[in-house]
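Structure first, then comments.
Per chain, numbering begins at 1; letters A, B, ... match sequence-line order.
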Number of protein chains: 2
Amino acid sequence: MQEFFVTVDLVVLTILDGSLNALVVKRKYPPFEGSWALPGGYVAADEDLPAAAYRELEEETNLREGVHLEQLASYGAPGRDPRGRTVTIAWLALLPSSSDPSAGTDASDAAWRPVTDFMEGGLPLAFDHAQILADGVERARAKLEYSPLAAAFCPPEFTVGQLRAVYEAVWGAPIDPRNFHRKVTHAPGFLEPTSQASNVDGGRPARLYRRGTLDLLNPPITRATTGLTAPQGSTDQS
Amino acid sequence: MQEFFVTVDLVVLTILDGSLNALVVKRKYPPFEGSWALPGGYVAADEDLPAAAYRELEEETNLREGVHLEQLASYGAPGRDPRGRTVTIAWLALLPSSSDPSAGTDASDAAWRPVTDFMEGGLPLAFDHAQILADGVERARAKLEYSPLAAAFCPPEFTVGQLRAVYEAVWGAPIDPRNFHRKVTHAPGFLEPTSQASNVDGGRPARLYRRGTLDLLNPPITRATTGLTAPQGSTDQS
DNA sequence: ACAATAGTGTCTGTTAGACAGTATCGC
DNA sequence: GCGATACTGTCTAACAGACACTATTGT
């Protein structure tokens with residue numbers, strides 16, 4: 001019976017300077033020494049897969065609470081790792097954009113990089129991590145449409161303007177502030193208003209909201225008008 | 001370094017008698033001898049994950065072409081298989097309802113069973129397969145809304161009535177035939193009309209369609225009539 | 001005052017949902 | 001004719017998108 005190594009790899013995304021960034025690490029040892037790679041590592045002997053993902057996330061970001069983490073897909077092509085037959089379970093993590101940008105980068109070779117740096121023949125990534133990153137970014141973009149996932153990029157309390165900035169960063173297209181405001185505040189269960197307000201952005205102070213209890217947004221917030229197209233998911237093997 | 005066994009397990013769904021059915025096999029050997037389980041098996045030494053999934057699918061159903069197959073999720077809790085540390089990559093397959101219902105059942109202990117048989121404390125399934133099946137069914141239900149996946153349950157050429165029957169079977173709720181017809185025939189790229197017609201259902205012959213090229217349905221076909229949306233009629237608004 | 005952001009109202013075109021009505025088969 | 005299914009048209013309420021307008025802050 002063939003035996004495998006099993007790893008977890010993380011696509012950790014956050015918003016920095018209005019664009020979508022991914023956490024990458026510089027490899028210190030072969031294979032792919034000196035190349036960028038997604039953070040990850042081997043699953044331990046008595047460890048469940050989510051536990052391994054949370055452990056790696058905490059090692060890289062020092063964060064555990066308030067982080068959205070979901071399984072993305074698994075990759076196991078023969079030869080994807082020259083050290084041996086390896087299957088990796090990839091996870092998608094979304095961090096609030098208010099997280100200290102240097103978290104995870106201290107005393108290590110980790111860095112935030114715009115995801116576009118690794119698309120379309122840009123910077124190379126080790127192993128099949130370019131494909132994994134692309135799948136994670138596409139998952140995040142798609143889920144913003146029909147789920148309240150955008151709030152995972154925001155701190156616990158946030159303004160409608162901050163939430164809109166997330167959509168604009170992830171989709172790369174501007175959104176009408178007035179229509180967006182009406183849409184998200186009128187969707188029952190999507191946002192919970194607080195009695196607080198914030199004026200960090202200049203201009204009139206904005207009400208602060210928390211995530212609501214809704215987990216399926218109907219009707220969705222569409223990116224149809226932005227002209228963005230959704231590539232076919234790589235897990236669809238037809 | 002811990003080593004793992006890696007398997008693929010299949011959630012194979014089709015429509016039989018107007019309800020959603022799953023393919024299950026009766027186990028001949030321990031563990032869980034005599035219990036129902038999802039079809040699956042070990043990934044071979046030089047085999048990619050999709051290749052293993054297709055091989056298992058073909059072994060159980062004799063089908064390879066015209067079947068929708070996509071990765072579902074991976075499961076790897078310690079102790080989920082008493083024979084050793086095992087990670088399984090689960091796949092979701094959708095078969096046309098016109099497939100011979102006995103396919104995959106000959107010379108084996110495989111059978112089609114309504115998925116409801118295994119829900120909510122019904123028939124037990126081996127290992128963690130009840131969870132995997134539930135995840136697969138929910139994935140199928142959700143994807144019908146915003147993708148043309150329902151056509152995967154239909155033969156290559158099908159009528160609007162057959163397609164509607166798929167939605168009604170998967171969601172368990174009736175749909176207005178007139179509005180459904182208008183919706184799917186007016187969505188560009190969703191259906192491709194042929195010059196043929198069919199009258200197998202009695203009544204006026206219906207035009208036959210093929211799957212279109214669209215892969216993201218916008219706006220979606222909603223499950224709103226099943227009670228998923230919040231009430232809107234607010235009489236207290238001034 | 002002015003810039004900037006927050007939030008509301010209003011108009012228009014499109015669509016979902018409800019359902020009347022017509023078309024074309026088998027019996 | 002009658003039942004069954006296919007398909008078209010019509011009405012209404014709701015919503016998306018566009019955008020004018022008001023509100024409240026900092027400078």
Measure [atom1]/[X] against [atom2]/[N] and give the value in whole Å, please.
X	N	atom1	atom2	result
A/Phe158	C/dT5	CZ	P	19 Å
B/His186	C/dG17	NE2	C1'	15 Å
A/Leu191	C/dG7	CG	P	11 Å
A/Arg207	D/dT24	CZ	P	13 Å
A/Ile175	C/dG7	CD1	P	16 Å
B/Leu208	D/dA6	CG	C1'	12 Å
B/Phe180	D/dG9	CZ	P	19 Å
A/Asp176	C/dA6	CG	P	13 Å

**Asked** Regarding B/Thr159 and B/Ser198, is there a side-chain donor-to-acceptor distance under 3.5 Å anywhere?
**Response**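 On atom types as modelled, these side chains do not qualify, holding no pair under 3.5 Å.
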**Prompt:** Going by atom types only, do B/Thr88 and B/Asp9 share a side-chain donor-acceptor pair under 3.5 Å?
**Reply:** yes
**Item:** Main-chain N/O of B/Glu60 paired with B/Asn62 side-chain donor or acceptor, under 3.5 Å
**Value:**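 Side chain of B/Asn62 to backbone of B/Glu60, a donor-acceptor pair under 3.5 Å: no, none is there.
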Got [X] and [Y] here, is their nearest side-chain heavy-atom distance under 4.5 Å?
X	Y	value
A/Pro50	A/Trp91	yes
A/Leu38	A/Phe118	no
A/Val184	A/Arg164	no

**Complete:** When B/Arg211, B/Glu192, B/Arg210 are each screened for side-chain contact (heavy atoms from CB on, under 4.5 Å) with B/Glu157, the one that passes is B/Arg210
**Short side-chain N/O contact from A/His181 to OP1 or OP2 of C/dA6, under 4.0 Å** =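 The answer is no; no side-chain N or O of A/His181 sits under 4.0 Å from OP1 or OP2.
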**Request:** Can you see which heavy atom on B/Arg139 is nearest to which on B/Gln71, and at what distance?
**Result:** NH1-O, 3.2 Å
**Message:** Return a single string for nucleotides 9-15 of chain C, one symbol per nucleotide in 5' to 3' order, where B is base contact, S is sugar-phosphate-only contact and - is none, cutoff 4.0 angstrom on heavy atoms.
**Reply:** -B-----
**Message:** Please confirm whether the ring centroid of A/Tyr167 lies under 6.0 Å from the ring centroid of A/Phe180.
**Reply:** yes
Provide a list of protein-nucleic acid N or O atom pairs under 3.5 angstrom, restricted to nucleotides 23-27 of chain C.
unit_1, atom_1, unit_2, atom_2, d
C/dA23, O4', B/Arg204, NH1, 3.4
C/dA23, N3, B/Arg204, NH1, 3.4
C/dT24, O2, B/Arg204, N, 3.4

